[in-house]
Engineer: 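Structure below; questions to follow.
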Amino acid sequence: MNQTLDTTLMIIIILLLILIIVLAVIAGLVLANYLKASKSDSNSTIQRNEKNKDKELSTLDSGTGVCKNHETRNSVGICSICEEEFCVDCLKQIDKVNLCPEHFNTFADNIWTSITNQRTTPDNPEDGVYIYNFKKFLWKEKGIPSYILNDYKIQVENDFIETYVQLHVREKDQEELSKKIERFKQEKEETKDEQ
């Protein structure tokens, strides 16, 4: 009886070993297929990404700019400080001011104050142009950040909209730039009178 039990036990152990070997072979085949499929998926993903990039480039909306940070994406607006174009993911708005990632902190880290409040109307829209030119001068020539906000008021009795052009500068630059913009405005008016 002991011998039959030993023989039966030995047969069970051999069958279990064969089952373990078969399972190991199956696991190896599954792993090999997985690695092969993953390499194939990786190649097709790269090809799909290249096709999508080409598609994105070809589907950029005409008439719109391109994001400074993402050349395959349409811009949705400009940064109020640097005036570069950015996509929806890059451009953030705080206090009615659109800001790129680079100038978001510049805005947040400073106290801003308005140094102009130039009224323009449909009859004299050019009255505020000097402010835009001064802002560009500050940024391009001096690297001084500033931004412009427009405040609109409806004149019901005269049936038109007034625009108040407000140049905002850092509080620490307020005194110096207030004087400079007045000189800038006078120079532009003198040049205009000479013509």
Side-chain angles (χ1 to χ4, degrees), residues 56-195:
E56 284 178 5
L57 284 172
S58 67
T59 58
L60 285 173
D61 292 339
S62 60
T64 63
V66 177
C67 177
K68 179 182 177 188
N69 294 337
H70 303 101
E71 60 191 34
T72 61
R73 303 195 62 196
N74 287 325
S75 64
V76 295
I78 62 170
C79 172
S80 295
I81 292 177
C82 66
E83 298 184 353
E84 296 285 347
E85 296 183 52
F86 293 93
C87 68
V88 68
D89 290 332
C90 291
L91 204 62
K92 303 299 177 214
Q93 189 177 70
I94 183 170
D95 296 335
K96 301 179 190 175
V97 180
N98 291 326
L99 298 158
C100 67
E102 183 180 347
H103 295 115
F104 185 85
N105 288 337
T106 301
F107 181 84
D109 293 342
N110 287 284
I111 297 172
W112 298 85
T113 185
S114 176
I115 61 170
T116 66
N117 196 30
Q118 179 67 53
R119 178 181 177 264
T120 65
T121 66
D123 296 330
N124 60 358
E126 68 282 350
D127 286 356
V129 172
Y130 77 95
I131 298 171
Y132 291 91
N133 291 333
F134 185 71
K135 184 213 177 301
K136 282 185 183 177
F137 165 77
L138 286 178
W139 182 249
K140 303 259 187 220
E141 303 294 325
K142 304 291 184 184
I144 299 173
S146 63
Y147 65 91
I148 293 175
L149 287 180
N150 291 312
D151 188 27
Y152 301 99
K153 295 184 181 167
I154 299 172
Q155 288 288 339
V156 177
E157 61 275 356
N158 297 328
D159 193 30
F160 67 83
I161 298 175
E162 295 177 326
T163 304
Y164 290 85
V165 183
Q166 302 167 345
L167 178 64
H168 293 258
V169 298
R170 295 177 297 193
E171 193 174 59
K172 66 181 185 177
D173 299 327
Q174 177 184 7
E175 189 176 326
E176 176 189 353
L177 295 181
S178 292
K179 294 173 187 172
K180 280 187 177 181
I181 195 166
E182 283 305 314
R183 285 194 305 270
F184 190 84
K185 180 181 179 183
Q186 288 172 354
E187 290 170 7
K188 294 297 177 189
E189 287 174 354
E190 290 169 4
T191 305
K192 186 178 163 184
D193 289 341
E194 289 173 6
Q195 293 173 355

Engineer: So, taking the atom named CD in Glu83 and the one named CD1 in Ile78, what distance separates them when rounded to the nearest 0.5 Å?
Structural biologist: 5.0 Å

Engineer: Does this structure show an ion pair linking Glu187 with Arg183, if we count only N-O contacts that are shorter than 4.0 Å?
Structural biologist: no

Engineer: Drop me the distance from Arg170's CZ to Ser146's OG, to the nearest 0.5 angstrom.
Structural biologist: 9.0 Å

Engineer: So which heavy atom on Ile115 is nearest to which on Ser178, and how close?
Structural biologist: CG2-OG, 3.4 Å

Engineer: In Å and rounded to the nearest 0.5 Å, what is the NE2 to CZ distance from His70 to Phe86?
Structural biologist: 10.0 Å

Engineer: Report yes if some heavy atom in the side chain of Phe134 is under 4.5 Å from a heavy atom in the side chain of Lys185; otherwise report no.
Structural biologist: no

Engineer: Starting at OG1 of Thr120, measure out to OH of Tyr152 and round the result to the nearest 0.5 Å.
Structural biologist: 8.5 Å

Engineer: So with a 6.0 Å cut-off around CG of Asp159, is the heavy-atom count from everything else above 12?
Structural biologist: no

Engineer: Kindly compute the distance separating NZ (Lys140) from CG (Leu138), expressed to the nearest 0.5 Å.
Structural biologist: 12.5 Å

Engineer: Looking only at heavy atoms, which two atoms of Gln118 and Ile131 are closest? And how far apart?
Structural biologist: CB-CD1, 3.4 Å

Engineer: Is there side-chain contact between Val165 and Tyr132, with heavy atoms separated by less than 4.5 Å?
Structural biologist: yes

Engineer: Do Glu102 and Glu84 have side chains that get closer than 4.5 Å, going by heavy atoms?
Structural biologist: no

Engineer: Does a donor on one side chain and an acceptor on the other come within less than 3.5 Å for Gln166 and Ser114?
Structural biologist: no

Engineer: If you take all heavy atoms of Leu149 and Lys96, which pair is closest and at what distance?
Structural biologist: CD2-O, 3.6 Å

Engineer: Measure the shortest side-chain to side-chain distance between Cys100 and Cys90 over non-hydrogen atoms and say whether it is less than 4.5 angstrom.
Structural biologist: no

Engineer: Can you pull out every salt bridge (Lys or Arg N to Asp or Glu O under 4.0 Å) where at least one residue sits in residues 103-127? Sequence neighbours excluded, please.
Structural biologist: Arg119-Glu162

Engineer: What closest approach, in Å, do Leu99 and Ile94 show between heavy atoms, and which atom pair accounts for it?
Structural biologist: CD1-CG2, 3.3 Å

Engineer: Look up atom NE2 in His168 and atom CD1 in Ile81, then write down how far apart they are to the nearest 0.5 Å.
Structural biologist: 12.0 Å

Engineer: Could you work out, with side chain to side chain contact (heavy atoms under 4.5 Å, CB included) as the rule, every residue matching Lys92, not counting sequence neighbours?
Structural biologist: Phe104

Engineer: Check the angle between the aromatic planes of His103 and Trp139 and answer parallel, tilted or perpendicular using the 30° and 60° thresholds.
Structural biologist: perpendicular

Engineer: Restricting to non-hydrogen atoms, name the atom on Cys87 and the atom on Cys67 that form the minimum distance, rounded to 0.1 Å.
Structural biologist: N-SG, 3.3 Å

Engineer: What are the two closest heavy atoms between Tyr130 and Phe184, and how far apart are they?
Structural biologist: O-CE2, 3.5 Å

Engineer: How about Pro145 and Trp112: do any of their side-chain heavy atoms sit closer than 4.5 Å?
Structural biologist: yes

Engineer: Here's a test for you: under side chain to side chain contact (heavy atoms under 4.5 Å, CB included), which of Ile148, Leu167, Val169 qualifies with Thr116?
Structural biologist: Leu167

